[in-house]
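All ligand and atom numbering here is 1-based and tracks the order in the structure. What's counted below: heavy atoms across the whole structure, side chains too, no hydrogens, waters or symmetry copies. Each residue takes its place number in the sequence, starting with 1.
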Amino acid sequence: MLVLGIETSCDETAAAVVDESYTVHSNIIFSQQDHARYGGVVPELASRAHVRTLVPVIRQALEAAGIDFAGVDGLAATRGPGLVGSLIVGLSMAKGLALARNKPLVGVHHLEGHIFSNFIERQVEMPFLTLLVSGGHTELILVRELGSYQLLSRTRDDAAGEAFDKVAKLLDLLPGEGVVMGGRIIAELAERGDPKAIDFPRGLVGEIDFSFSGLKTSVLNYVRGLELRERKRQLPDIAASFQEAVVDALVDKTVMALGQTDIKAICLAGGVAANQRLRHKLRAEVERRDLPFYCPSLALCTDNAVMIGAVGAFYLNRGVRDGFDLDAVPRLSLC
Ligand code: KG4
Ligand code: ZN
């Protein structure tokens, strides 16, 4: 079964062809460039860009998979959570194609997509724990089997990726043009800095929930106390120390959750899973406890349509179908 996955929940316009064994036949991602000059994703611009680029992106995905639309057995599109205008573009496209060619359709939860991103390259022992860290979410989810999710912990305020993005903005690190990815910019700068230079707070000590807003304020207060030249000089140390505080908090809560469950493996997922320091420190802690640790290759951490196609293939293969009344849901919890 070949499934065309469509992902338009934020500022990536993506389409991919995946089959029921999660083999990737194509993977096309167009990252929108229009938002950088505004310092963050502008919802109205994002939906307009999806309208402009989704058809060519789908065409490329079919071409790269070596099929035409007749070769597609089903459609899967992200239905939420995300920016409502952006979600509607992808979902309407999927509905239109399904209606015109009489193909089955299924709506996909974006976070379930991130969980599935670990299944593209391997099998994972069950039950497993996923640390899902993205621009909108920071959660520890216990997965007993695919399709059955239990929330163990979440952020009480900012998501980890959101903290990276906000700190990149307050440090004036965002480029005037290009893709807005504060986390990537901070991670690059941090390579030249000392992670122990500044002792930023690690969130809610002794609790399993995450909190990053205090850390963000602490960075703000720190840089406010510096003259411009000194601030510039310290930037790599500030980036490295901030990143270390985020990573330590993420690792600490995940280790807490390990003690509470009978899990057989740990997975990392979401855009922040691309962070090398997090991958390295979490792997060390997990493997010290003799558990397997998995994280997707970098291209599958940030938003993509392969993960959406994989979830679609999973459900379509089990006979799940959505009707044409399927709606976009901007706030949608997984469990
Ligand atoms: O999963 P994703 O592509 O979109 C959402 O579903 O939110 O995640 C995007 C987030 C952004 O906040 C971005 O700054 C962060 O992932 N990110 C990183 C890195 N690469 C992307 N954060 C830390 N280190 C990175 N290398
Ligand atoms: Zn995402």
Exercise for review: Check whether the side chains of E121 and Y294 place a donor and an acceptor atom closer than 3.5 Å, and report yes or no.
Suggested key: no
**Study point:** Sub-4.0 Å heavy-atom contact, H114 with ligand 1
**Key:** yes
Check your understanding: Do any nitrogen or oxygen atoms of E12 come within less than 3.5 Å of a nitrogen or oxygen of ligand 1?
Key -> no
Point to revise | Part of H137 within contact of ligand 1 (heavy atoms, under 4.0 Å) | key: neither
**Study point:** Proximity flag G182 to ligand 1, non-hydrogen atoms under 4.0 Å
**Key:** yes
Review point. Tell me, which N, O or S atom in D303 is closest to the Zn ion (ligand 2)?
Key: OD1
Revision key, fill the gap. The N/O/S atom of H110 lying closest to the Zn ion (ligand 2) is NE2
Exercise for review: Mind listing the closest non-hydrogen atom pair of E12 and S31 along with its distance?
Suggested key: OE2-OG, 3.1 Å
**Study point:** side chain to side chain contact (heavy atoms under 4.5 Å, CB included) partner of L87, chosen from L332, D327, T78
**Key:** T78
Check your understanding: Can you tell me if R156 uses its side chain to pair, donor with acceptor, with the backbone of R154 under 3.5 Å?
Key -> no
**Study point:** Winner among G271, A160, G135 once heavy atoms are compared against atom 20 (N) of ligand 1
**Key:** G271
Exercise for review: May I ask which of L298, V133, N275 has a heavy atom nearer to atom 23 (C) of ligand 1 than the others do?
Suggested key: N275
Review point. Between R289, K281, R283, which is the residue that forms a salt bridge (Lys or Arg N to Asp or Glu O under 4.0 Å) with E285?
Key: R289
Point to revise | N, O or S atom of H114 closer to the Zn ion (ligand 2) than 2.8 Å | key: yes
**Study point:** Partner of F242 by ring-ring contact (aromatic ring centres under 6.0 Å, His included), out of F200, F212, F164
**Key:** F164
